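Only one structure is covered here, and it is reproduced in the block below.
Every chain is numbered from 1, with letters handed out A, B, ... down the list of sequences. Everything quoted here is computed from the prediction, not taken from an experiment.
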Amino acid sequence: MSTSSGDELHDQYKDLFTQDGVLLKTSVGRPVSDFNSIGMLCIVQNADGTKCIEWRPNDLITIDSDTQDQEWAVVNTVGRRQRTLSGNITSDYANLRARIIKIPLDDLKTFRITRNNQQMQFSTKPGVWQNTFYFQHGNAEIFVAYLKNHLKTAKTRHDRNTYMVVEPNDESQVLNKSFAELDIFTENTTDVVWNLVSNFKQRPYETTLEAFSKLTDIVYYGNEDVNGKRDVSEEVADLLTKSMSALEDTTSVTRSDEYEVISVKPTLPPRPCIPRGSPLSTEKWDALQDADGRIVEVEGVKQLIFRGGVAHSIRSTVWKYLLDYFPWKMTHAELKTLQKRKTEEYFSMKLQWRSVTEGQENRFSEYRDRKSLVEKDVNRTDRTHPFFAGDNNPHLAVLQDILMTYVMYNFDLGYVQGMSDILAPLLLLLGNEVDSFWCFVGFMEKIASNFDMDQAGMKHQLLQLQQLLMFASPELAQHLSQKDSGNMYFCFRWLLVWFKREFSHIDIMRLWEVLWTGLPCANFHLLICVAILDAEKEVIISRDYGFTEILKHVNDLSMTLDVDRVLSSAEGIYHQIVSAPHLTDQIRIVLGIEPLNLSMSTNSDPEPSTSTLPSTKPSQVELKEGNGNTIFGQEMDEDVVVYNGLRITIVTKTVWALLA
Amino acid sequence: MSSRKKLLLKVIILGDSGVGKTSLMNQFVNKKFSNQYKATIGADFLTKEVIVDDRIVTMQIWDTAGQERFQSLGVAFYRGADCCVLVFDVTAPNTFKSLESWRDEFLIQASPRDPDNFPFVILGNKVDLDNRAVSVKRGQQWCQSKNDIPYFETSAKEAVNVELAFQTIARNALAQETEAELYNEFPDQIKLNANDNGRNRDGDNCAC
């Protein structure tokens with residue numbers, strides 16, 4: 001299927017990054033008929049080495065698979081069915097080509113993200129946003145992250161979502177720019193920075209230290225790029241390190257508590273070994289309810305479950321809460337009514353597909369296809385487990401009924417492979433069709449994006465995983481990308497069904513209930529991946545595993561993993577990451593922690609600074625996480641929740657005790 | 001691209017969900033059949049050494065998920081393929097109709113140098129079942145119309161024609177591989193990563 005135009009495309013330029021599901025909202029000088037059409041936004045390298053942003057309508061088929069990013073991005077933009085139906089690829093090609101929008105990076109002046117990561121606008125001259133794109137999956141930040149690999153940008157002070165393109169792309173310029181933006185120095189910033197470093201010893205101690213602290217803050221917390229490396233040249237870092245030790249030699253005051261010597265390759269703090277707790281017991285669970293059955297201390301419950309899971313005897317009850325079937329604050333009486341209502345709702349949906357006649361079915365291919373797909377998968381779901389084993393096992397019929405009813409509940413999503421894996425442990429535990437259905441609905445709410453038609457959710461997670469691994473286990477991440485495995489595809493199965501295929505039923509129950517708590521951070525399931533991979537680091541690197549061996553090795557880990565050990569090290573890694581001094585905003589965002597730049601830009605004084613060295617420096621207070629726990633771990637307001645005479649120790653407290 | 005001592009043939013098995021891709025692979029490699037295989041999620045592969053024309057070659061057989069939406073991720077595994085096996089279920093006409101799009105999809109994603117002559121093999125599986133819905137003739141006709149693709153009727157369950165089919169797959173893949181040595185079938189990618197040099201050692205990407 002390599003058309004001549006496809007080959008042409010190959011020779012002329014090359015996609016560096018593509019993102020699908022991007023709608024063209026407006027574009028100056030384009031016919032309105034082009035607007036609101038779906039396509040993909042790409043970063044393209046031209047034959048002459050210049051780069052541009054390019055938007056292509058989806059109907060335009062490009063045949064290209066030569067870069068690593070490409071293998072993720074290109075193919076999915078056009079579904080298979082479309083492709084075969086359209087058939088005539090070349091005839092409309094010229095027309096479609098004319099609809100491509102190109103924005104040369106050299107011309108790009110400003111761009112901004114608006115509407116909660118859903119919209120991006122580009123400008124090549126001041127005052128006009130020429131092109132506006134809408135990101136269907138609300139993931140414009142990914143595009144920005146990649147774009148920043150090819151541009152130097154600075155955020156504008158008045159609007160943290162607006163980026164100015166800095167030119168020329170020179171690192172020292174960027175550093176200067178940052179200084180200028182922070183208004184630390186009113187003099188020529190270049191001179192100040194370099195004089196500060198080189199004439200260090202000649203300047204009065206106090207002033208110098210203060211100025212120096214600014215610089216350190218910027219080195220630590222400013223100018224992060226997507227890879228977590230900072231836009232500071234090694235020379236500057238070296239110089240700072242030297243100057244710092246010189247300072248310590250010549251003065252009696254040490255400030256190493258506040259400002260550490262910069263190393264070019266930052267390492268994580270040691271990993272705390274955090275023991276797992278005991279499961280939430282019946283007694284504790286009962287004690288956490290009021291007389292009418294409301295769960296009062298929800299956070300406390302979640303903390304306990306995060307620490308030790310749930311005792312098997314009360315699992316079937318607690319899961320209904322964790323999976324948002326039962327609201328925490330409902331009384332027993334209210335829950336009874338709810339359950340009754342939900343039962344009716346379930347059976348009315350079930351009746352819908354049950355009453356489809358054979359004749360209807362014959363004329364309803366979409367329905368028929370889904371039904372047959374469900375059937376095929378149900379028949380091969382956990383058949384080795386006694387609960388589902390044997391011919392004509394009645395539990396298979398229940399699986400089938402629930403999944404078919406889910407098709408009616410969410411026809412747009414329908415049935416996707418992997419769902420039967422998700423459902424099986426729920427049915428095994430709950431034993432009841434209606435409860436299993438509603439718990440399944442709740443679980444699917446949490447992971448629906450795993451089953452996107454275009455797999456955008458999976459791709460996003462794999463990218464985030466790669467970013468986390470790069471931060472937490474850079475050596476391994478580097479090895480993987482050298483071996484064509486940087487796309488983390490070998491973790492696909494883990495993520496799609498939340499490790500269901502990697503653990504026994506009893507272990508997966510433990511893992512899932514811990515993950516459902518949403519503690520200690522967003523995307524903790526990605527840290528589970530990091531923990532498992534990190535434990536295999538030695539093997540993978542020392543044996544120089546390549547693409548195929550990595551995949552095989554990871555697949556073969558199935559059923560060999562210790563769930564408690566994995567959970568414990570994932571939690572340890574979490575604390576390593578959040579207490580790392582070089583923690584980047586990118587990682588903060590992945591983990592659902594408020595990015596630093598946000599607070600810095602909102603707190604920064606809009607007025608030009610009046611003194612040469614303002615006395616207010618970014619303080620430790622600003623390093624706090626959104627929830628009030630400090631990163632450097634002193635103030636913990638709510639370490640312990642006491643309820644009904646029960647002391648519930650909040651995770652972080654334990655951790656800091658262990659770290660101390 | 002000097003002559004290679006050990007030949008590795010990369011074979012990709014494609015086809016709709018539930019046609020028996022995993023079962024065929026396991027029957028060929030492990031001589032076993034189980035009706036307890038789970039639906040494939042992601043990708044996996046098995047290897048087997050076979051002798052083709054007095055040469056020992058290692059077949060690396062790749063199995064991926066059959067549901068359409070997962071195919072966009074398959075491209076990572078198609079690269080460097082020496083042969084593509086398309087499977088359908090003789091009791092399910094839809095899976096037969098999908099062959100065309102599987103073939104097209106593979107050619108688009110793997111983009112071999114000479115798509116017209118890239119070796120495919122078609123397997124009509126589950127001939128042990130009674131409720132056959134795609135006739136032998138229909139299968140053969142389609143294959144003939146597509147540049148005479150070899151066609152086999154197989155049963156992974158009863159090990160019918162599996163060995164024979166994979167022998168043909170190996171032979172055709174080997175022919176492809178030999179040609180690839182001459183023409184460098186899959187040109188090296190331009191890497192964004194400057195220090196990438198380990199790729200060729202994996203033996204899965206190019207014929208070296």
Side-chain angles (χ1 to χ4, degrees), chain A residues 1-2 6 14 16 61 63-72 74-77 79-81 83-84 369 372-373 376-377 379-384 416-418 420-421 451-455 458-459 481-484 486-487 489-493 496-497 501 544 546-549 551-552 555, chain B residues 10 16-18 34-45 47 60 62 65-79 92 94 98 100-113 115 187-193 195-205:
Chain A
M1 185 56 75
S2 99
K14 179 171 143 47
L16 302 175
I61 297 168
I63 301 142
D64 197 342
S65 61
D66 270 2
T67 72
Q68 206 179 343
D69 290 331
Q70 283 272 274
E71 59 196 35
W72 290 96
V74 162
V75 185
N76 55 50
T77 52
R80 204 171 89 226
R81 193 169 294 132
R83 246 179 219 168
T84 43
D369 291 350
S372 112
L373 199 56
K376 277 178 183 162
D377 277 5
N379 281 318
R380 45 184 180 164
T381 301
D382 294 335
R383 296 303 298 279
T384 49
V416 185
Q417 288 196 315
S420 70
D421 274 281
F451 300 98
D452 286 344
M453 189 63 201
D454 62 0
Q455 294 290 289
M458 287 299 296
K459 288 174 197 169
S481 47
Q482 276 169 17
K483 302 294 181 184
D484 256 7
N487 55 29
Y489 187 80
F490 52 90
C491 294
F492 186 86
R493 188 173 76 192
L496 186 79
V497 291
R501 296 277 178 97
D544 196 31
F547 178 81
T548 51
E549 292 92 344
L551 181 106
K552 198 66 170 172
N555 279 350
Chain B
K10 185 169 176 181
D16 282 359
S17 178
S34 160
N35 49 18
Q36 292 172 341
Y37 291 130
K38 296 176 176 188
T40 306
I41 297 179
D44 202 359
F45 68 92
T47 53
Q60 187 184 72
W62 284 81
Q67 198 169 0
E68 186 179 329
R69 74 187 64 200
F70 296 124
Q71 284 313 303
S72 65
L73 308 162
V75 63
F77 307 103
Y78 295 176
R79 193 184 294 136
N94 280 347
S98 303
E100 179 107 30
S101 58
W102 280 111
R103 182 172 166 276
D104 291 351
E105 188 74 7
F106 174 81
L107 289 176
I108 289 169
Q109 297 198 17
S111 48
R113 175 182 289 269
D188 276 344
Q189 310 154 55
I190 299 157
K191 298 303 292 181
L192 300 176
N193 194 340
N195 53 358
D196 177 85
N197 50 18
R199 211 164 46 81
N200 293 348
R201 261 176 281 144
D202 306 344
D204 54 51
N205 285 301

Salt bridge check: are K38(B) and D421(A) linked by an N-O gap of less than 4.0 Å?
-> no
Check whether V497(A) gets within reach of chain B through its side chain, its backbone, both or neither, counting any heavy atom under 4.5 Å.
-> side chain
Q417(A) versus chain B, heavy atoms under 4.5 Å apart: side chain, backbone, both or neither?
-> both
Here the gap from F45(B) atom CZ to T548(A) atom OG1, rounded to the nearest 0.5 Å, amounts to 4.5 Å
Is the shortest heavy-atom distance from the side chain of D452(A) to the side chain of R69(B) under 4.5 Å?
-> no
Can you see which heavy atom on [X] is nearest to which on [Y], and at what distance?
X: G42(B); Y: Y489(A); result: CA-OH, 3.6 Å
X: Q455(A); Y: S72(B); result: CG-OG, 4.1 Å
X: I41(B); Y: L496(A); result: CG2-CD2, 3.6 Å
X: A76(B); Y: N487(A); result: CB-ND2, 4.4 Å
X: M453(A); Y: E68(B); result: CE-OE2, 4.4 Å

Okay, T40(B) and chain A: the region with an atom under 4.5 Å from a heavy atom over there is backbone
Chain B interface, residue from T384(A), L373(A), V416(A) that has the most non-hydrogen pairs under 4.5 Å = V416(A)
Go through the structure and list residues passing salt bridge (charged side-chain N to carboxylate O under 4.0 Å, His left out) with D377(A), not counting sequence neighbours.
-> R380(A)
Side-chain (N94(B)) to main-chain (D369(A)) donor-acceptor, under 3.5 angstrom | no
What option among A39(B), S34(B), S17(B), G18(B) has the most heavy-atom pairs under 4.5 Å with chain A?
-> A39(B)
Are F451(A) and F70(B) near enough that their ring centres are under 6.0 Å apart?
-> no
